[in-house]
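Written out below as structure tokens is the structure these notes cover.
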Amino acid sequence: ARAHNVDALLAFRLRSRGVEDSLPDAVRETALDARRRGMRLGLRVRESLTRLTTALQTAGVPVIVLKGAHLAHVVYPDPSLRWMSDVDLLVQFADLERAAMLLRAGGCRQIAPSSVHAHQLPRFFQAFPPAVELHWRLAPNDRAPENDLWQRAAPVRIAGVDTLGLCPEDLLLHLCVHGSYAHRFMFGLRPICDIAETVRHFGGTMVWADVLARARRCRCHRGVNLMLRLAKEMLGAAVPDDVLRALPSDNLDDALRTARFMTLEGNQICRGLPAQVVSISNARTWPGRISVLWRSLFVPTKLLAANYGLPPQSPRVFLYYPVRLKDLLKRYGSPVLRLLQRDPALTRIARRVAMIQHWMWDDTGSE
């Protein structure tokens with residue numbers, strides 16, 4: 001449970017079911033320690049949220065609190081039960097630079113220059129955890145109109161401040177997309193717990209037809225299918241059967257088996273491997289493997305500029321290809337070498353990850 005960052009939640013469930021006193025002394029002490037750590041983190045997160053959302057809204061910047069902070073204070077029975085390493089805040093694109101200035105004025109520092117990178121700015125760090133991530137879109141490939149998301153946002157009270165959160169349907173969809181497409185099931189059980197708790201909290205008020213319609217419109221219905229099925233089979237989430245039947249089902253068993261395995265084991269095996277590196281496992285020849293690496297290194301200049309905080313048209317961007325090579329080797333050199341040498345264990349896992357990536361993005365035959 002600790003490896004999956006759900007130990008505080010497990011301790012809470014054991015206590016609420018009245019079985020804590022039946023546990024061995026050492027286990028009871030471990031459970032108590034998990035609850036204490038959750039409470040300490042919860043207090044730090046609450047202080048950060050109160051200060052940051054108040055500063056933004058006082059300056060006239062509307063903010064939607066995302067993911068863990070929203071879940072902890074609205075969905076979970078107690079904020080201490082949802083572990084998080086950062087706080088995610090969504091602002092409108094027109095307010096993005098002003099919001100960043102307010103965070104910096106409040107003592108936050110960034111790990112890189114503040115340039116728009118895909119869907120969020122480089123991470124902000126405070127004197128004490130948690131870190132802060134400032135978004136202007138939910139995901140790099142988010143296809144949902146920005147105005148629609150804000151119009152559907154729901155008023156919530158988080159850390160003593162009246163602010164905004166995603167509506168239940170958008171929240172559930174975002175959790176499913178984040179766990180499947182963004183992290184490829186390698187964040188362990190925590191995202192599955194988030195979905196189960198969200199379904200439990202909103203119960204019969206969830207408009208499942210809207211979830212399905214938006215999933216199809218964003219073409220993310222395959223990843224949504226897998227996440228909802230995992231939440232139902234692993235944690236008993238009350239996802240209606242007719243909702244699951246309405247989602248794509250071709251070759252579902254293989255994809256679900258891999259998603260289940262990656263949820264339980266992927267975090268320890270190959271978390272963080274980018275999709276391009278995983279693709280090496282499918283290349284049967286050395287030229288094929290080198291071709292995959294070449295495409296991974298020589299990304300479009302616009303993307304390279306965004307990654308390193310440069311103006312899109314800067315001639316200096318070409319000087320950063322060697323820098324990118326150095327960074328990739330530092331982060332992924334060992335697994336890449338193992339894949340190039342056809343390491344049996346890692347190649348087998350990488351092929352499974354490549355398979356599920358292909359399945360999720362394959363719209364052939366989808367409704």
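Sequential numbering from 1 along the given sequence is applied to the chain's residues. Quick caveat, the model's predicted, so the values are computed rather than measured.
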Any chance you could measure Leu41, atom CG, to Arg82, atom CZ, to the nearest 0.5 Å? 10.0 Å
Leu52 CG to Leu134 CG distance, which is reported to the nearest 0.5 Å: 9.5 Å
Can you list the residues that meet the side-chain contact (heavy atoms from CB on, under 4.5 Å) rule with [X], with sequence neighbours excluded?
X	value
Thr163	Gln57, Val63, Val65, Val156, Ile158
Asp242	Pro240, Arg245
Ser85	Trp83

For the residue pair [X] and [Y], what are the closest heavy atoms and their distance?
X	Y	result
Phe185	Met227	CE2-SD, 3.4 Å
Pro62	Val91	O-CG1, 3.8 Å
Cys176	Leu228	SG-CD2, 4.0 Å

Can Arg222 be said to sit on top of Trp361's aromatic six-ring, NZ or CZ under 6.0 Å from centre and within 45° of the ring axis? no
Would you mind checking if Asp88 and Arg123 are paired as a salt bridge, meaning a charged N to carboxylate O distance below 4.0 Å? no
Please identify which of these residues, Leu247, Asn225, Leu244, meets the side-chain contact (heavy atoms from CB on, under 4.5 Å) condition with Leu252. Asn225
Under 3.5 Å, side-chain donor or acceptor atoms of residues 203-213 against the rest of the protein: list the pairs with distances, not counting sequence neighbours.
{"from": "Thr205", "atom 1": "OG1", "to": "Phe202", "atom 2": "O", "distance (Å)": "2.6"}

Listed once per pair and sorted, the salt bridge (Lys or Arg N to Asp or Glu O under 4.0 Å) pairs that draw on residues 196-206, sequence neighbours left out: Arg13-Glu197, Glu197-Arg200
Side-chain contact test, heavy atoms from C-beta onward, threshold under 4.5 Å: evaluate it for Arg229 versus Arg260 and give yes or no. no
Is the closest side-chain donor-acceptor distance between Gln126 and Arg51 under 3.5 Å? yes
Any side-chain donor paired with an acceptor under 3.5 Å for His174 and Lys67? no
Taking side-chain hydrogen bond (donor to acceptor under 3.5 Å, both in side chains) as the definition, give me every residue that meets it alongside Arg109, ordered by chain and number, with sequence neighbours left out. none
Which class fits the ring pair Phe318 and Tyr321: parallel under 30°, tilted 30 to 60°, perpendicular over 60°? tilted
